[in-house]
Amino acid sequence: MIMPTKEKTLDDLFHETLKDIYFTEKALVKALPRMAKAADCDELREAFENHLKETEDQVDRLEQVFKLIDKPARAKTCEAIKGLTDEAKEVMKDFKGTHALDAGLLSSAQAVEHYEISRYGTLKAWASELGLDKAVRLLDATLQEEKNADRLLTEIAESQVNRRAEAA
Ligand SMILES: [Fe+2]
């Protein structure tokens with residue numbers, strides 16, 4: 001006889017996804033200083049440094065959300081962000097010392113931002129569905145920071161980094 005598996009619900013999905021993005025943010029706390037160090041253009045380096053500070057706050061907000069659902073703050077390996085940060089490392093290695101390095105770094109960072117925007121958008125919608133109003137506010141604060149970071153990166157790419165990479 002097949003034993004019925006335990007019913008899983010939106011609460012479980014929310015909790016699992018929270019662990020995933022917690023892993024992501026902690027990985028970025030490590031990756032962003034490396035990217036800032038590699039960046040040649042001042043504005044790009046500053047953008048990475050500022051986003052590192054925001055990312056530390058984002059880790060903090062996630063810990064508050066874990067508290068709100070009475071779970072320990074625990075990370076679960078996120079293969080997606082591992083892949084994205086590995087690609088960023090590859091770009092740093094392959095384009096080191098070239099004028100195209102910043103454009104490559106910037107595009108890696110934007111891929112990460114888009115991943116995070118997707119995750120936080122989902123988490124915010126689920127928190128709302130689950131009636132977790134405080135969590136909605138915390139997740140939305142981070143979502144707005146990620147969107148701003150993404151917009152700033154687009155500005156830096158279009159105003160200077162892409163042209164420099166092309167002209168070299
Ligand atoms: Fe983030």
Side-chain angles (χ1 to χ4, degrees), residues 10-39 41-69 71-92 101-130 132-159 161:
L10 193 62
D11 295 275
D12 301 297
L13 268 175
F14 182 77
H15 183 211
E16 287 305 307
T17 308
L18 204 61
K19 290 193 280 187
D20 173 290
I21 196 76
Y22 190 53
F23 180 93
T24 296
E25 298 294 11
K26 291 181 98 167
L28 292 175
V29 168
K30 289 187 196 142
L32 280 164
R34 281 199 302 265
M35 292 170 76
K37 213 177 145 201
C41 152
D42 290 340
E43 265 120 279
L44 184 60
R45 189 172 47 250
E46 276 162 31
F48 288 154
E49 283 166 357
N50 289 337
H51 198 53
L52 171 64
K53 280 183 218 126
E54 286 177 334
T55 302
E56 284 161 351
D57 291 340
Q58 294 170 359
V59 168
D60 211 74
R61 282 191 204 111
L62 288 174
E63 287 167 358
Q64 293 180 53
V65 177
F66 277 109
K67 240 192 198 142
L68 287 171
I69 59 167
K71 302 278 188 197
R74 218 168 268 155
K76 183 184 78 178
T77 305
C78 167
E79 296 298 340
I81 204 69
K82 273 174 77 179
L84 290 172
T85 50
D86 280 351
E87 279 187 9
K89 276 187 207 157
E90 221 175 281
V91 167
M92 282 188 254
L101 173 68
D102 279 356
L105 274 176
L106 195 150
S107 82
S108 298
Q110 269 190 307
V112 170
E113 289 312 320
H114 289 193
Y115 175 72
E116 292 188 291
I117 288 167
S118 157
R119 284 303 192 202
Y120 279 108
T122 296
L123 280 167
K124 183 188 156 188
W126 286 348
S128 166
E129 183 64 35
L130 294 167
L132 301 166
D133 296 346
K134 262 192 172 162
V136 171
R137 281 197 293 279
L138 289 163
L139 294 163
D140 186 57
T142 296
L143 179 61
Q144 297 316 318
E145 280 178 358
E146 309 292 25
K147 285 184 177 171
N148 286 337
D150 182 49
R151 267 194 292 270
L152 178 63
L153 287 171
T154 297
E155 267 173 45
I156 297 172
E158 289 176 352
S159 65
V161 163

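Atoms within each ligand, like the ligands themselves, are counted from 1 in listed order. Scope of the values below: all heavy atoms of this structure, side chains included, with no hydrogens, waters or symmetry mates. Just so it is clear, the model here is predicted, and its values are computed rather than measured.
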- prompt: Do Thr154 and Gln110 have side-chain N/O donor and acceptor atoms under 3.5 Å apart?
  reply: yes
- request: Indicate whether the side chain of Glu63 and that of Tyr22 have a donor and an acceptor atom separated by less than 3.5 Å.
  value: yes
statement: Glu116 OE2 to Glu25 OE2 via the Fe ion (ligand 1), rounded to 10°, gives 70°
query: Has Thr142 got an N, O or S atom lying less than 2.8 Å from the Fe ion (ligand 1)?
result: no
- request: Please state whether the separation between the Fe ion (ligand 1) and some N/O/S atom of Glu54 is under 2.8 Å?
  value: no
field: Validation row: Leu138, Leu68 side chains within 4.5 angstrom (heavy atoms)
entry: yes
query: Is it true that the side chains of Asn148 and Gln144 contain a donor and an acceptor less than 3.5 Å apart?
result: no
task: Taking only Lys NZ, Arg NE, NH1 and NH2, and the carboxylate oxygens of Asp or Glu, determine whether Asp42 and Arg45 approach each other closer than 4.0 Å.
output: yes
query: What N, O or S atom of Glu146 is found closest to the Fe ion (ligand 1)?
result: OE2
message: Regarding Glu145, does it place an N, O or S atom less than 2.8 Å from the Fe ion (ligand 1)?
response: no
